[in-house]
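Quick notes on the structure that follows.
Keep in mind it's a predicted model, so treat the numbers as computed, not measured. Note on naming: letters A, B, ... go to the chains in the order of the sequence lines (proteins, then strands), and numbering restarts at 1 for each one.
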2 protein chains.
Amino acid sequence: MQPPFHRLVEFVPLSAEEAEMARGWLVDSRRIARGKPIRQEGEPVKGVFFLLDGWAGSSLLLRDGRRQIVKVHLPGDMLGFPSLALSHAGETLEALTDATICSFPNAAIGRMFRELPRLAMALFLSTQKERVALMQKLSWVGATSAMERLTAFLLDLHHRLQAAGLAQAGCFDFPITQQQLGELLGMSTVHINRTFKSLDETGCISRGRGRIEVLDFAGLQRLAASFPPDFAGHDAWARLDNSSRF
Amino acid sequence: MQPPFHRLVEFVPLSAEEAEMARGWLVDSRRIARGKPIRQEGEPVKGVFFLLDGWAGSSLLLRDGRRQIVKVHLPGDMLGFPSLALSHAGETLEALTDATICSFPNAAIGRMFRELPRLAMALFLSTQKERVALMQKLSWVGATSAMERLTAFLLDLHHRLQAAGLAQAGCFDFPITQQQLGELLGMSTVHINRTFKSLDETGCISRGRGRIEVLDFAGLQRLAASFPPDFAGHDAWARLDNSSRF
DNA sequence: CGGGCTATTGAAGTTGATCAATAACGGTGG
DNA sequence: CCACCGTTATTGATCAACTTCAATAGCCCG
């Protein structure tokens, strides 16, 4: 199976040498069972992770026991970068399905910056893009209705699954519970359920045992009034690589 | 006046040479009037900005005309980095008060990665820390009540203002309108007003013409049930700089 | 077949939104 | 200095979205 490097090469195509090295990183992978933590909030930050297979979640715990799932990670995503600037992790990483990850120690990141500036830049851009995604999620949660949030999430998810080669013809696995969906979108399980049901009844999607099929993209997009335009900039590297006065 | 470099040197102390260079960047600064855009969503991304003075905001526009303010920036903050990975800006940057900024073209970032890996790393860590802050804000907006959000924001703001040397004895300027506060915290102006009033009545803070004084930090923290522990990791650089197997 | 998690549904209660009106403030030009 | 105007803050009343509580049904797994 081809390792999911689509997120890594999005901004900077890897040289043969870099690709070889990247493949070497994957030898030491680890399997995590559904529901198990990869790293808990508050633990010392020893490195970051690369999600090879399965879904994972980043979440924050609130004092009252609630938690907010901040992001659902798909195969090819890098986990744990935000905490790199902290001594102790600011986020919990958890397997949402059975998952396979591999780890990179802190020092590997430092070394990359010193020795592989192109790759470091790619990584940098990739995390900036995550930041945009996070900003968009904040705007959904802060300023839209339950239905808009749900549809926007589904559209975004489909988009990302497709990029990872995990969706075909609008059809994809959907292995997360409504409880998790509630924690992700900032609403109660009950309301998720009702909203989901009423979305189902519009005919735009159809649900079945852990899978979802999108039947009407245009309809979904109409419901997700706030779904943002895609300003993807795959030429970002070119724009940055241009030498010029510093 | 000392330029506000506290955010830049947080992770990596600047060498004399780097500090000299950094000072040189500031020569070309620009003044922006309150309420004026620095860069609008959808415009081509030509570079990033450094906020020298005043407050600024990053916001996203939704199709229905609402907007979500994603972050309030204070002097010393860097603006516009998330859009660096995009061809067209994904966020609007706007002066919330009269402000002074200076700009860095894209190519300067690329050059930094190639020639000043220490600085690039510092920048990288700084943006990762922003990501944590954003995740925390998402958790406030998604999972807490109006009062918790408001108090958490005030505590965070005070913390950041203090780091910038802009707060003393719990007292600081507060130049943003309740409308903007609503857009920031994801609630209506009216409800901001009521929540603010009732917070005022607890005696934990006192408000006056564009200023706020915190009278009871412990009380505020009790109200902000979700205010996160501070996992600041100023030794991050050391952990990453350690050479080791890659 | 049972046990535990997950989904679904109903009813009642809250929070916060919306609509609408008034008051206070800040800056401007006369 | 004052009158005026637009912006911002404040308050009341009503309304809608969403939460909470509670109960039942379905599903998966051993």
Side-chain angles (χ1 to χ4, degrees), chain A residues 33-36 55 62 64-69 94-98 140-151 173-201 205-212 223 225-226, chain B residues 33-36 55 57 62 64-69 94-98 140-151 153 173-201 205-212 223 225-226:
Chain A
R34 169 169 181 273
K36 296 296 181 203
W55 292 25
L62 305 183
D64 60 5
R66 282 182 184 234
R67 66 175 191 167
Q68 173 75 38
I69 298 182
E94 177 194 347
L96 297 177
T97 67
D98 289 348
W140 299 346
V141 172
T144 74
S145 71
M147 180 63 89
E148 287 174 298
R149 264 179 255 180
L150 180 58
T151 52
D173 280 338
F174 192 76
I176 64 181
T177 68
Q178 292 184 0
Q179 160 124 43
Q180 290 165 336
L181 204 46
E183 289 169 339
L184 178 68
L185 300 179
M187 47 204 276
S188 69
T189 313
V190 175
H191 202 56
I192 285 282
N193 186 284
R194 286 193 232 274
T195 310
F196 225 144
K197 181 188 174 194
S198 101
L199 175 58
D200 205 341
E201 284 166 353
I205 66 163
S206 127
R207 293 179 292 163
R209 59 194 79 273
R211 283 186 74 75
I212 284 188
L223 287 171
S226 60
Chain B
R34 169 170 181 274
K36 296 295 182 207
W55 292 25
L62 304 183
D64 61 4
R66 283 176 181 236
R67 68 175 188 163
Q68 172 75 38
I69 298 182
E94 178 194 346
L96 296 177
T97 67
D98 290 349
W140 299 346
V141 172
T144 74
S145 71
M147 180 62 90
E148 287 173 299
R149 264 179 253 181
L150 180 58
T151 51
F153 170 67
D173 280 339
F174 193 75
I176 64 182
T177 68
Q178 292 184 359
Q179 161 125 42
Q180 291 164 337
L181 205 46
E183 290 169 339
L184 177 68
L185 300 181
M187 46 204 277
S188 70
T189 312
V190 176
H191 202 57
I192 284 282
N193 185 284
R194 286 194 232 273
T195 309
F196 226 144
K197 182 188 173 196
S198 101
L199 176 58
D200 206 341
E201 286 166 352
I205 67 163
S206 127
R207 293 178 294 163
R209 61 193 82 272
R211 283 186 74 76
I212 284 187
L223 287 172
S226 61

**Report entry** Distance, rounded to the nearest Å, where A:Asp64 contributes CG and D:dT19 contributes P
**Finding:** 14 Å
Requested in this report: Name every residue in residues 191-200 of chain B that has at least one heavy atom under 4.0 Å from any atom of DNA chain D, in order of residue number, or write none if there are no such residues.
Outcome: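 B:Asn193, B:Arg194, B:Lys197, in order of number.
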With the side chain counted from C-beta on, respond yes when [X] and [Y] share a heavy-atom pair under 4.5 Å apart, and no when they do not.
{"X": "A:Phe174", "Y": "A:Leu181", "answer": "yes"}
{"X": "A:Arg149", "Y": "A:Met187", "answer": "yes"}
{"X": "B:Gln68", "Y": "A:Val141", "answer": "no"}
{"X": "B:Leu96", "Y": "B:Gln180", "answer": "yes"}

Query - Residue pairs fulfilling salt bridge (Lys or Arg N to Asp or Glu O under 4.0 Å) with at least one residue in residues 175-189 of chain A, sequence neighbours excluded - result: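 Residue pairs passing salt bridge (Lys or Arg N to Asp or Glu O under 4.0 Å), neighbours aside: A:Arg67-A:Glu183.
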Tell me every residue that passes side-chain contact (heavy atoms from CB on, under 4.5 Å) with [X], counting only those two or more places apart in sequence or in another chain.
{"X": "A:Arg194", "result": "A:Val190"}
{"X": "B:Asp98", "result": "B:Arg31, B:Ala33, B:Arg34"}
{"X": "A:Thr97", "result": "A:Trp55, A:Pro175"}

Report summary line: With B for base contact, S for sugar-phosphate-only contact and - for none (protein heavy atoms under 4.0 Å), nucleotides 25-30 of chain D reads ------
Query raised in the report: Once you build an axis from the first five pairs and another from the last five of the helix from C:dC1-D:dG30 to C:dG30-D:dC1, how far apart in angle are they, to 10 degrees?
Result: 50°
Applying side-chain hydrogen bond (donor to acceptor under 3.5 Å, both in side chains), can you list everything that pairs with [X], at least two apart in sequence or on another chain?
{"X": "A:Arg207", "value": "A:Asp200"}
{"X": "A:Asp173", "value": "A:Arg211"}
{"X": "B:Ser206", "value": "none"}

**Report entry** chain B footprint on DNA chain C, 5' to 3' - any atom under 4.0 Å from a heavy atom
**Finding:** C:dG16 to C:dC19
Query - For DNA chain C, the residues among residues 173-190 of chain A that have a non-hydrogen atom under 4.0 Å from it - result: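 Correct list: A:Thr177, A:Gln178, A:Val190.
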Requested in this report: Please round to the nearest 0.5 Å and tell me the distance separating atom CG of B:Leu185 and atom CZ of B:Phe153.
Outcome: 6.5 Å
Query - Distance in Å, A:His191 NE2 paired with A:Phe196 CZ, rounded so as to fall on 0.5 Å steps - result: 13.5 Å
Query raised in the report: With a 3.5 Å cut-off and no angle check, do the side chains of B:Glu148 and B:Ser145 form a donor-acceptor pair?
Result: yes
Requested in this report: List the steps, then state whether side chain to side chain contact (heavy atoms under 4.5 Å, CB included) holds for A:Thr151 with A:Trp140.
Outcome: CA-CA 10 Å; A:Thr151 52; A:Trp140 299 346; over 6 Å; no
